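The next block holds one structure in the form of structure tokens; read it before the comments.
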Amino acid sequence: MKRRSLAIRALMIIGLLALSALLQAQGQSERPEVLTVVTWGGAYEDSQRRAYFEPFTEATGIEIETVQYDGGVKVLREHLASGDIEWDVIDMIQSDASTACDEGLLEPIDPQILAPAPDGTPPPEDFMEGAIHRCFITQIVFSTVIAFDNRAFPGVKPDSVEDFFDLEAFPGKRALRKSPTGLLEWALLSLAVPREQLYDLLSTRRGLELASGRLDDIREAIIWWTRGDEPVELLTSGQAAMATGYNGRFFHARAMEGAPISVIWDGQLIGFNSWTILRGTDQADLAAEFIAFATRAENMAAQANLISYGPARKSAQRRVGLHTDTGVPMRPYMPTAPSHMESAVVRDHHWYSQTDGLREQWFREWLER
């Protein structure tokens, strides 16, 4: 009788173990296998892949698929209107994220997901001011700068925004992003408008007319670009003598590929990129899990040691050192290096989010003149 009882107990234990294994297997099979992240391609995306995507996959088993885009809010509206939501996380410029949030295009993000700094400092004290928002978590500080092809100017080199508009002293094509982003500020800076007055002046008809007139001076020399990797291509191929573009792309081209490109830090336009979650994704929890992982101090520093964009939290900034592959000290190439900030313009994201339609209309009209 006793042996029979033991046999029954053994069968019950085996059954429970089998059931547990089955439930575990079911749980694993229910866990999504792929998270889709919308981002910017090129050297920037490569740095994200090494610092965030591959480590996240290694830690969770979840693959990251990427979709490339060129910024803006319109593309989100169109994706949502399609009714077929395939995007989960989007890497957005802060002003676009703010606009998208106001339009209800993004899911809220619980700030409780954010890890404290390694020394225990709470996230609100460790992240830069304004980085933690109900719809986005700002992750990097980047800069849109003017760069030039060294071969185009063997003698005197351009070193200011004013030189970008001086076709007589520095002849050659100018590559500009086909968007009302940055070019308005640079047009006014070249006319010696103080940095502190740019956005107030651009909020007036007179300011827009001044900018339009200045851009008219170089209209025939402009080559438009839309993808972030194009300015480097235009400079290295010799199609453009000077170009605006993202500082990290120019750094990568010069440091990693030996491209003959120099950056003009005068008038650099400081911006911020933020992680967001698209409204209606059925993987919002997993998207938040990814954002929590990517915004850990050690992971943000890992990206900054691959491309010269500054982390948006102090504990990560302290970890920035040498380039992972080349050993180049990264701090001198950051847009936030003290000498680079002397003439920097911090993009007014509130102004950008409030003038989206007005700027687009002005830009279309200027192009059609």
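Only a predicted model underlies this, so the values are computations on that prediction, with no experimental measurement involved.
- Here salt bridge (charged side-chain N to carboxylate O under 4.0 Å, His left out) pairs that include residues 184-206, with residues two or more places apart or in two chains, number zero.
- Sorted by first then second residue, the ring pair (Phe, Tyr, Trp, His ring centres under 6.0 Å) pairs that include residues 210-244, not counting sequence neighbours, are Trp224-Phe363, Trp225-Tyr246.
- Residue pairs meeting the salt bridge (charged side-chain N to carboxylate O under 4.0 Å, His left out) criterion with at least one member in residues 100-112, sequence neighbours excluded: Arg77-Glu103.
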Donor-acceptor pairs are to be reported for all side-chain atoms of residues 328-337 against protein atoms at under 3.5 Å, with residues two or more places apart or in another chain.
from	atom 1	to	atom 2	distance (Å)
Arg331	NE	Val320	O	3.2
Arg331	NH2	Gln317	O	3.1
Arg331	NH2	Arg318	O	3.4
Arg331	NH2	Val320	O	3.2

Run the side-chain donor-acceptor check on residues 208-216: report pairs under 3.5 Å with partners two or more places apart or on a different chain.
from	atom 1	to	atom 2	distance (Å)
Ser212	OG	Leu208	O	2.8
Ser212	OG	Trp362	NE1	2.8
Arg214	NE	Ser190	OG	2.8
Arg214	NH1	Asp217	OD2	3.1
Asp216	OD1	Arg219	NH2	3.0
Asp216	OD1	Trp366	NE1	3.0

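- Among residues at least two apart or in separate chains, side-chain hydrogen bond (donor to acceptor under 3.5 Å, both in side chains) pairs with a member in residues 256-265 are Asn150-Ser262, Arg254-Ser262, Trp265-His340.
- Remark: of the listed residues Phe127, Phe293, Phe290, Phe290 is the sole one forming a ring pair (Phe, Tyr, Trp, His ring centres under 6.0 Å) with Trp275.
- Counting only residues at least two apart or on different chains, the ring pair (Phe, Tyr, Trp, His ring centres under 6.0 Å) pairs with a member in residues 185-214 are Tyr199-Trp351.
- Applying the side-chain contact (heavy atoms from CB on, under 4.5 Å) rule to Leu167 yields the partners Arg174, Ile218, Ala221; only residues at least two apart in sequence or on another chain are considered.
- Remark: Asp126 engages Arg313 in a salt bridge (charged side-chain N to carboxylate O under 4.0 Å, His left out) (not counting sequence neighbours).
- Under the side chain to side chain donor-acceptor pair (under 3.5 Å) criterion, Glu54 pairs with no residue, sequence neighbours left out.
- For the pair Glu289 (side chain) and Asp285 (backbone), a donor-acceptor distance under 3.5 Å is absent.
- Counted by atom type alone, Asp84 and Ser82 present zero donor-acceptor pairs between their side chains at under 3.5 Å.
- In this view, Thr181 and Ser179 satisfy the side chain to side chain donor-acceptor pair (under 3.5 Å) rule, not counting sequence neighbours.
- Between Lys74 and Asp356, no side-chain nitrogen of the basic residue sits less than 4.0 Å from a carboxylate oxygen of the acidic one, so the salt-bridge criterion is not met.
- For Asp96, there are no side chain to side chain donor-acceptor pair (under 3.5 Å) partners, not counting sequence neighbours.
- Between the side chains of Glu45 and Thr39, no donor-acceptor pair is found at a separation under 3.5 Å.
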